[in-house]
2 protein chains.
Amino acid sequence: MQSALLRSIDQAGIRLTGPRRAVAGLIAKRDGHFTAADLVVDARRRRVEVGRATVFRLLDLLVAERLVERVDLPDGSHAYVPCEASHHHHLVCTSCGVIAEVDDCGIDAVTTEAARRTGFKIDAHRLELFGRCGDCKRKRG
Amino acid sequence: MQSALLRSIDQAGIRLTGPRRAVAGLIAKRDGHFTAADLVVDARRRRVEVGRATVFRLLDLLVAERLVERVDLPDGSHAYVPCEASHHHHLVCTSCGVIAEVDDCGIDAVTTEAARRTGFKIDAHRLELFGRCGDCKRKRG
DNA sequence: TCACAACTGAGACTCAGTCTCACTCTATCT
DNA sequence: AGATAGAGTGAGACTGAGTCTCAGTTGTGA
């Protein structure tokens with residue numbers, strides 16, 4: 001059986017090599033966000049022999065193909081999230097780390113207004129929302 | 001004469017020492033965003049003797065007091081921008097690096113909608129806009 | 001099957017940021 | 001003004017993420 005991620009990688013025209021299959025497998029098994037270091041640790045734990053450089057290289061490719069997105073956490077560190085190719089934003093639960101995606105929900109009006117006020121021509125934006133997911137909200141009141 | 005930043009530092013209750021005055025001076029002379037490394041280089045160039053650790057420590061304090069804000073650039077690196085203490089967002093010119101600030105312009109509607117769809121309770125958000133400022137737009141068509 | 005471009009791992013390297021520690025300075029109190 | 005506590009300091013070692021190089025390997029289209 002082939003994971004959806006592996007299929008997307010193939011469709012994106014990224015050469016399917018042994019190490020890449022292995023790393024894709026590790027990503028598919030992950031829930032929520034992960035760092036490059038997480039994958040390296042996973043690989044070592046499961047006796048999957050993959051070089052650190054290879055992990056970084058594959059992540060770069062996946063980001064370029066928008067199969068994975070890079071998220072800047074509030075503490076300044078970086079994480080990756082496997083995601084849909086369409087434009088969307090992330091909600092990060094600061095309590096358990098789970099990430100939800102929302103597609104456009106009115107941000108265009110905001111960017112247009114900001115452009116009008118400043119004279120900028122806006123090409124891209126990044127919106128990240130931080131808070132607590134439904135479960136954590138319930139657990140801790 | 002005392003810079004506005006220096007005055008704000010004093011008002012924030014941050015002890016005013018020689019090295020801090022020097023670094024504040026360097027920040028005040030900067031236009032747009034800068035990195036901690038930029039300040040270290042500036043200091044060396046002007047023969048201001050300030051340790052690297054001191055620069056990082058002061059930046060941390062300024063961020064905590066919201067006199068300076070940390071921005072995540074699209075390439076994943078970090079920069080700092082001196083700014084107003086009130087909540088606002090940054091527009092980064094990807095061509096010349098200048099940064100404009102806009103205060104709230106309708107983002108609340110977006111966060112409310114995202115919260116409704118996902119069940120999250122949203123505590124914080126980060127919005128960064130990237131594009132070209134008026135000048136660069138004109139220069140390059 | 002073959003040839004070659006793309007990929008690989010190891011490990012050296014870079015660079016931002018942190019930490020420690022002995023020393024120095026500032027603010028405050030008398 | 002002088003004493004003092006405790007905050008701040010610089011040097012430099014350290015950490016950890018990410019990059020780069022290079023010789024050897026592998027996937028793929030012909």
Side-chain angles (χ1 to χ4, degrees), chain A residues 2 6-7 9-27 33-65 68-81, chain B residues 2 6-7 9-27 30 33-65 67-81:
Chain A
Q2 193 180 244
L6 220 43
R7 229 174 300 129
I9 290 176
D10 197 25
Q11 278 163 20
I14 297 177
R15 208 161 173 172
L16 272 178
T17 65
R20 286 181 180 172
R21 281 172 203 277
V23 175
L26 296 175
I27 294 177
H33 62 241
F34 56 87
T35 62
D38 288 338
L39 294 182
V40 172
V41 171
D42 280 7
R44 192 165 308 158
R45 192 169 293 151
R46 296 172 195 239
R47 308 288 142 90
V48 178
E49 306 225 328
V50 182
R52 239 159 52 84
T54 302
V55 171
F56 281 103
R57 281 186 286 234
L58 181 59
L59 284 172
D60 281 352
L61 282 175
L62 297 181
V63 168
E65 292 297 331
V68 149
E69 196 161 323
R70 219 170 118 148
V71 184
D72 298 295
L73 268 27
D75 68 359
S77 63
H78 302 134
Y80 296 87
V81 209
Chain B
Q2 193 181 241
L6 219 43
R7 228 173 303 130
I9 289 177
D10 197 25
Q11 277 163 21
I14 298 177
R15 210 160 171 173
L16 271 179
T17 65
R20 286 182 179 169
R21 282 172 202 277
V23 175
L26 296 176
I27 293 176
R30 283 245 154 213
H33 61 242
F34 56 86
T35 62
D38 288 339
L39 295 182
V40 172
V41 171
D42 281 7
R44 191 164 310 158
R45 191 169 295 151
R46 296 172 195 241
R47 307 287 143 92
V48 177
E49 305 225 329
V50 182
R52 238 158 52 83
T54 302
V55 171
F56 281 104
R57 281 186 286 233
L58 180 59
L59 284 173
D60 282 352
L61 282 174
L62 296 181
V63 168
E65 293 298 331
L67 297 174
V68 148
E69 196 161 322
R70 220 170 117 147
V71 183
D72 298 295
L73 267 28
D75 69 358
S77 63
H78 302 134
Y80 297 85
V81 210

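Residue numbers start from 1 in every chain, and the chains themselves are labelled A, B, ... in the order their sequence lines are given, proteins ahead of strands.
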Measuring to OP1 and OP2 of [N], would you say a side-chain N or O of [X] lies under 4.0 angstrom away?
| X | N | result |
| --- | --- | --- |
| A:R20 | C:dC7 | yes |
| A:T17 | C:dT8 | yes |
| A:T35 | D:dA17 | no |

Point to revise | Aromatic plane relationship, B:H78 with A:H78 - under 30° parallel, 30 to 60° tilted, over 60° perpendicular | key: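 Geometry flag for B:H78 against A:H78: tilted rings.
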Could you give the [atom1]-to-[atom2] distance, from [X] to [N], as a whole number of Å?
| X | N | atom1 | atom2 | value |
| --- | --- | --- | --- | --- |
| B:L61 | C:dG17 | CG | P | 15 Å |
| A:L59 | D:dT19 | CG | P | 10 Å |
| B:R21 | C:dT26 | CZ | P | 8 Å |
| B:D60 | C:dC19 | CG | P | 10 Å |
| B:L16 | D:dA7 | CG | P | 16 Å |
| A:Y80 | D:dA17 | OH | P | 11 Å |
| A:R57 | D:dG18 | CZ | P | 15 Å |
| B:F56 | C:dC15 | CZ | P | 13 Å |

Check your understanding: By a strict heavy-atom criterion of less than 4.0 Å, which residues belonging to residues 38-47 of chain A are in contact with DNA chain D?
Key -> none
Review point. Does B:R20 reach the main-chain N or O of B:R15 with its side chain, forming a donor-acceptor pair under 3.5 Å?
Key: yes
Review point. Would you find a donor on one side and an acceptor on the other, under 3.5 Å apart, between the side chain of B:D38 and the backbone of B:T35?
Key: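 Such a contact is found between B:D38 side chain and B:T35 backbone.
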Review point. Has the side chain of B:R52 got a donor or acceptor that lies under 3.5 Å from a partner of the other kind on the base of D:dG12?
Key: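 Answer no: no donor N or O sits under 3.5 Å from an acceptor.
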**Study point:** Derivation of the side-chain contact (heavy atoms from CB on, under 4.5 Å) call for A:V55 and A:L26
**Key:** CA-CA 11 Å; A:V55 171; A:L26 296 175; over 6 Å; no
Review point. If every non-hydrogen atom of A:L58 is compared with every non-hydrogen atom of A:A24, which pair is closest and at what distance?
Key: CD2-N, 4.4 Å
Check your understanding: A:F56 and A:A36: which non-hydrogen atoms are nearest, and at how many Å?
Key ->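 Closest approach of A:F56 to A:A36, heavy atoms only: CE2-CB, 3.5 Å.
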Review point. Given A:H33 and A:V71, is the side-chain contact (heavy atoms from CB on, under 4.5 Å) satisfied, shown in steps?
Key: CA-CA 8 Å; A:H33 62 241; A:V71 184; 5.8 Å; no
Check your understanding: Checking side-chain contact (heavy atoms from CB on, under 4.5 Å) for the pair A:D10/A:L6: CA distance, chi angles, key distance, verdict?
Key -> CA-CA 6 Å; A:D10 197 25; A:L6 220 43; over 6 Å; no
Check your understanding: Relative to the 5' end of DNA chain C, which residue comes earlier, B:A36 or A:E49, by the nucleotide with the nearest heavy atom?
Key ->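 Of the two residues, A:E49 wins.
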Filtered N/O pairs between nucleotides 4-6 of chain D and protein, under 3.5 Å:
from, atom 1, to, atom 2, distance (Å)
D:dG6, N2, B:R15, NH2, 3.1

Point to revise | Option among B:L67, B:V23, B:L39 that satisfies the side chain to side chain contact (heavy atoms under 4.5 Å, CB included) test with B:L59 | key: B:L39
